[in-house]
Amino acid sequence: MITFTVNGKKHEFEGDPSTPVLWYLRDELNLTGPKFGCGMAQCGACTVHIDGMAQRSCVLPVSAVANRKITTIEGLSEDGSHPVQQAWVEHKVPQCGFCQCGQIMQAASLLATNPTPTDDEIVKNMSGNICRCGTYPRIHKAIKSASQSMAASAGVNIFNPKTMGEEA
């Protein structure tokens, strides 16, 4: 038996340990946020957090999550109040919406480990998440906006290193 936590609730799995986490989340728990896109961990539609870090759930076997914490988009915030989710709405990021849960989970993981990423860091971190609608500029703006919002609520002063040392 494999035990793990999904969105704060303990679960026990007795099936084939090679079953992808994505199928357990969708078929057994009816969590439809993580999507099946490519099945090869290349598109990012299936992205969830494992112990707070973004992971592709379509190729991750259930055996790899024993005693770990899984968070899906449904567990990121119950009411959509996570700063990344709010920024997504503010910047009207989604079009078809298929990739958005994975994009949001990837962005939330980035900001949890790097609260003030540079433009290059955002591009590098998000490069594994494909958006067929091409909303990349809006995704980028939303991540910057969420970063600023999170910093402001934490009382952190964000500065632009490119203008350091210049007279105001």
- [ ] Decide whether Leu25 and Ile2 are clustered together by the hydrophobic rule: side chain heavy atoms of Ile, Leu, Val, Met, Phe, Trp, Tyr closer than 4.5 Å, transitively.
- [x] yes
- [ ] Report the distance from atom CG of Leu110 to atom CE of Met105, rounding to the nearest 0.5 Å.
- [x] 13.0 Å
TODO: For residues 9-28, pull every pair meeting ring-ring contact (aromatic ring centres under 6.0 Å, His included), keeping only residues two or more places apart or in separate chains.
DONE: Phe4-Tyr24, Phe13-Tyr24, Trp23-Phe36
TODO: Enter the distance from Thr3:OG1 to Met1:CE here, rounded to the nearest 0.5 Å.
DONE: 6.5 Å
- [ ] Identify the heavy atoms of Cys38 and Gln42 that sit nearest to each other, and give their distance.
- [x] SG-N, 3.2 Å
TODO: Hey, could you give me the CD/OG1 distance between Gln103 and Thr47, rounded to the nearest 0.5 Å?
DONE: 8.0 Å
Task: Val21 and its side-chain contact (heavy atoms from CB on, under 4.5 Å) partner, picked from Val59, Thr72, Leu60 - done: Leu60
- [ ] Please say whether more than 12 non-hydrogen atoms of neighbouring residues, nucleotides or ligands are located less than 6.0 Å from NZ in Lys69.
- [x] no
TODO: Spell out, yes or no, whether Leu31 and Val65 are grouped together once hydrophobic residues are joined by side-chain heavy atoms under 4.5 Å, including indirect joins.
DONE: yes
TODO: Could you go through the side chain to side chain donor-acceptor pair (under 3.5 Å) check for Glu74 and Asn7 one step at a time?
DONE: CA-CA 8 Å; Glu74 293 90 348; Asn7 297 335; 4.7 Å; no
- [ ] Please check if the side chain of Thr71 supplies one atom and the backbone of Gly75 the other of a donor-acceptor pair under 3.5 Å.
- [x] no
Task: Euclidean distance, Thr118 OG1 relative to Lys144 NZ, rounded to 0.5 Å - done: 6.5 Å
Open item on the list: Hydrogens and angles aside, do Ser149 and Gln86 bring a side-chain donor and acceptor to less than 3.5 Å of each other?
Closed with: no
TODO: For residues Gly37 and Cys43, report the shortest heavy-atom separation together with the two atoms involved.
DONE: CA-SG, 3.7 Å
Task: Joint hydrophobic cluster, Leu22 plus Val48, side-chain heavy atoms closer than 4.5 Å - done: no
Open item on the list: Please determine whether side chain to side chain donor-acceptor pair (under 3.5 Å) holds for the pair Ser18 and Asp16, giving the CA-CA distance in whole Å, both sets of side-chain angles, and the decisive distance to 0.1 Å.
Closed with: CA-CA 5 Å; Ser18 67; Asp16 180 353; 2.9 Å; yes
Return all side-chain donor-acceptor pairs below 3.5 angstrom for residues 126-140, not counting sequence neighbours, or 'none' if the list is empty.
from, atom 1, to, atom 2, distance (Å)
Ser127, OG, Lys124, O, 2.9
Asn129, OD1, Arg56, NH2, 3.3
Asn129, ND2, Gly44, O, 3.4
Asn129, ND2, Gly102, O, 3.3
Tyr136, OH, Cys131, N, 2.8
Tyr136, OH, Cys131, O, 3.4
Arg138, NH1, Lys92, O, 2.7
His140, NE2, Asp119, OD1, 3.0

Task: Polar side-chain atom of His49 near backbone of Asp51 as donor-acceptor pair, under 3.5 Å - done: no
- [ ] Would you give the length of the straight line joining atom OG1 of Thr19 to atom CG of Asp27, rounded to the nearest 0.5 angstrom?
- [x] 9.5 Å
Task: Phe98: partners by ring-ring contact (aromatic ring centres under 6.0 Å, His included), with sequence neighbours left out - done: none
TODO: For Ile143 and Leu111, run side chain to side chain contact (heavy atoms under 4.5 Å, CB included): C-alpha distance rounded to whole Å, both residues' side-chain angles, the deciding distance at 0.1 Å, then the answer.
DONE: CA-CA 8 Å; Ile143 294 169; Leu111 295 178; 4.2 Å; yes
Open item on the list: Main chain of Pro115, side chain of Ser147: is a donor-acceptor contact present, judged purely on distance under 3.5 Å?
Closed with: yes
Task: Under 3.5 Å side-chain donor-acceptor pair for Asn125 and Gln106 - done: yes
Open item on the list: Donor-acceptor check, side chain of Ser57 to backbone of Cys46, threshold 3.5 angstrom: yes or no?
Closed with: yes
Open item on the list: Contact between Cys58 and Met40 at the side-chain level, heavy atoms closer than 4.5 Å - yes or no?
Closed with: no
Open item on the list: If you compare all heavy atoms of Ala64 against all heavy atoms of Arg68, which two are closest, and at what distance to 0.1 Å?
Closed with: O-NH1, 3.2 Å
- [ ] Kindly work out whether a path of hydrophobic side-chain contacts (I/L/V/M/F/W/Y, heavy atoms less than 4.5 Å apart) joins Ile50 to Ile73.
- [x] no
TODO: Working to the nearest 0.5 Å, report the span between CD of Glu12 and CD of Glu14.
DONE: 7.0 Å
